[in-house]
Each structure stands twice: as C-alpha cells, then as structure tokens.
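To keep things clear, I will list the structure first and then write my remarks on it.
From a predicted model like this one, the values you see are computed outputs, not experimental measurements. When reading the values below, keep in mind they use all heavy atoms of this one structure, side chains included, and skip hydrogens, waters and symmetry mates. Quick note on labels: first sequence line is chain A, next is B, and so on, each numbered from 1.
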Amino acid sequence: MHIPDGYLDTKTILSTWFISISFLTIGIKRVKEKLKDKTIPLMGVLGALIFASQMVNFPIMYGTSGHFLGGVLLGIILGPFAGLIIMTIVLILQSLIFGDGGILTLGANILNMGIIGTFLSTYIYYGLSKIFKNKIYLTAFITSWISVILSSIFCSFELSISKMFPLSLGLISMVGIHSIIGFFEGLITSIILVFIYKNKKELSIFTGINL
Amino acid sequence: MKKMIIIFFIIILMILLIAPFASTFPDGLEKVAELFNFSDSSKNIISPLIPDYSLPIIKNELFSTFFAGIIGVILIFLVIVLFSKIIKRYFF
C-alpha cells in the first residue's frame with residue numbers, strides 16, 4: 001500500500017504531512033520519556049523484521065499480491081507510540097533507499113500504515129482485548145485484519161480526493177482486495193505472537209513492557 | 001534477551017532467503033491503479049539507490065534481491081538504534 005509520488009495532489013500531500021508530523025512529534029516525545037537502553041536493540045530487530053517481511057509478497061488472486069504490514073505486531077510488542085516510530089523509520093528508508101513509496105507521499109503512507117495501521121490499531125487491540133479477554137491470538141487476528149482494511153480505507157480516501165478514482169468504486173476495490181490481504185496479516189501476526197508469548201518472560205523483563 | 005535478538009535475526013535471515021522467490025504480481029494498490037488506469041501517474045522524484053529491491057550491481061536476480069534485503073535489514077537496525085540513542089540524549 002505504499003503510495004508512489006504522482007498519485008496524490010498537493011492538498012492531500014500537505015494535509016497528510018501535517019497529520020503525520022503532529023503525531024510523530026508527540027510520539028517521539030513519548031518514546032523518549034519511556035525509552036530504556038535495553039529496549040533499543042529489540043526495536044531495531046523488530047523494525048528489521050517488519051522490513052524483511054514486507055519484501056515477501058504472496059499471491060492472493062487474479063494476478064494480485066499482498067504483503068505483511070506488521071503494524072499490529074509492532075504495537076502489541078512495543079506499544080502504540082514506539083510502534084508508530086519504528087514503522088515510520090521503516091517507511092522512510094523504504095522510500096528513500098528502495099523507492100518503495102514516494103517522498104512527497106510519505107506523509108500519507110505514514111498516516112495509513114503508521115498512524116492507522118499501527119498506532120490506532122494498537123488501541124483497537126487493547127479495546128478488543130477487554131471483550132475477548134484471554135483469547136490473545138483471536139484478538140490479534142481480528143485486529144490485524146481490521147488494521148489492513150482501515151489503512152486501505154484511508155488510502156482510498158486520499159486517492160479519491162486526489163481524483164485518481166471515484167470514491168465508491170475505489171473503496172470497493174481497495175477494501176475488497178485488502179480484506180483478503182488482512183486475513184493473511186492476521187494469520188502471520190498470530191503465528192509470530194505464539195513465538196513472542198512463549199518467550200514473554202524474557203521480553204517483558206528486558207523491555208519493561210507488559211505483554 | 002541477547003538470545004531473543006539472535007533468534008529474531010535468524011528468522012529475518014530465513015525471510016530474506018524466501019524474498020527472492022516472492023510473488024511478482026502487483027500489490028493491491030498497484031492492481032487497483034491498473035484497473036482505474038492511473039498507474040502511469042507514478043513518478044520517481046529521486047532515483048532510488050536500490051530500485052525495486054534489486055541491487056543494480058548484482059546481475060543474478062535472486063542474489064540481487066537477497067543482498068538488497070541484507071543491506072536494508074542492517075540499515076534499518078542501525079538507523080533505529082542511532083535514532084533511539086540520539087532522542088534519548090538530545091531531543092526536547
């Protein structure tokens with residue numbers, strides 16, 4: 001869902017940048033307040049994991065592929081703010097070094113995949129956890145699915161405001177495709193979480209994060 | 001904790017070994033762009049160093065993707081660690 005340059009118009013670029021920079025400013029401040037030295041390598045390796053996973057596209061249907069996003073995974077392990085920051089760093093490097101996603105459209109990509117796909121989705125996870133109580137994997141699966149769909153909805157709005165497609169048809173296509181991708185996002189997130197939870201003692205002790 | 005980090009890096013390595021064999025189909029957004037005929041609007045404002053996750057200096061496609069991944073993973077790890085250390089000390 002990395003939007004390349006040329007797909008968005010100026011007003012969309014400016015407004016998405018404004019929103020993203022606002023969230024990032026708060027996010028960096030919050031992360032700085034709580035950051036422990038021992039969490040740093042974990043953040044590094046998780047960012048690297050997200051990056052590597054996003055390289056592995058899997059076919060879904062009709063000559064289309066999807067890839068893992070990892071926002072909910074980041075958010076569950078690191079919390080919403082750190083998750084947002086890490087996802088943002090991944091997006092920035094993907095854009096600058098690999099040309100995956102535009103530079104002007106970074107604001108929109110950070111909004112879609114960082115703020116919606118990671119930050120907001122983590123709070124959705126917390127909310128659903130209260131409903132589903134002990135069923136961690138089910139909650140993670142549903143949240144991941146929702147996160148991908150929500151991101152694609154925001155993406156569709158940005159594209160439609162930029163007059164790339166009519167909103168109704170655009171939404172149907174984007175959300176349709178991403179509901180399938182979201183299913184795999186849920187699957188992969190839950191599987192990785194099994195591994196995380198098996199080792200949660202080590203992770204919690206060293207990050208101070210309550211898993 | 002060191003053990004966990006090492007395990008993560010092993011997982012990352014395995015993922016990168018699969019990456020060269022990933023699907024080349026357009027992703028969701030690209031496909032929709034094709035359907036609605038705006039995929040030609042995409043532009044590259046700067047020339048990426050490693051376009052399309054393929055190192056230009058390596059001819060073999062599989063190795064090209066694999067090493068692009070290695071570079072990316074190392075870069076991201078370093079940038080995150082550096083960034084974290086900097087904000088811990090200096091920001092605000």
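Contact tally against chain B (heavy-atom pairs below 4.5 Å) for A/Asp37, A/Ile40, A/Leu96, A/Leu159: the top residue is A/Ile40. Between chain A and the options B/Ala33, B/Gly28, B/Ser47, heavy-atom pairs under 4.5 Å are most frequent for B/Gly28. In terms of heavy-atom pairs under 4.5 Å with chain B, the best-connected choice from A/Ile103, A/Ile97, A/Ile3, A/Leu104 is A/Ile97.
Looking at A/Ile50, neither its backbone nor its side chain comes within 4.5 Å of chain B, counting heavy atoms on both sides. B/Pro26 touches chain A through backbone and side chain together, each having a heavy atom under 4.5 Å away. Contacts of B/Ile70 with chain A are absent, with no heavy-atom separation under 4.5 Å from either backbone or side chain. A/Tyr62 touches chain B through its backbone: at least one of N, CA, C or O sits under 4.5 Å from a heavy atom, while the side chain does not. Interface remark: B/Phe83 contributes side-chain atoms only to the contact with chain A (heavy atom separation under 4.5 Å).
Applying the side-chain hydrogen bond (donor to acceptor under 3.5 Å, both in side chains) definition to pairs two or more places apart or across chains, those involving residues 98-120 of chain A are A/Asp100-B/Tyr53, A/Asn112-A/Glu158.
Proximity of the aromatic rings of A/Phe141 and A/Phe183 is defined here by a centroid distance below 6.0 angstrom, and this criterion is met. Checked against the 6.0 Å centroid threshold, A/Tyr123 and A/Phe119 count as a close aromatic pair. For B/Phe77 and B/Phe9, the gap between ring centers is short of 6.0 Å.
Annotation: residues 185-194 of chain A contacts chain B through no residue [non-hydrogen atoms, separation under 4.5 Å].
When side chains are defined from C-beta on, A/Leu93 does not count as touching A/Phe51, because their heavy atoms never get closer than 4.5 Å.
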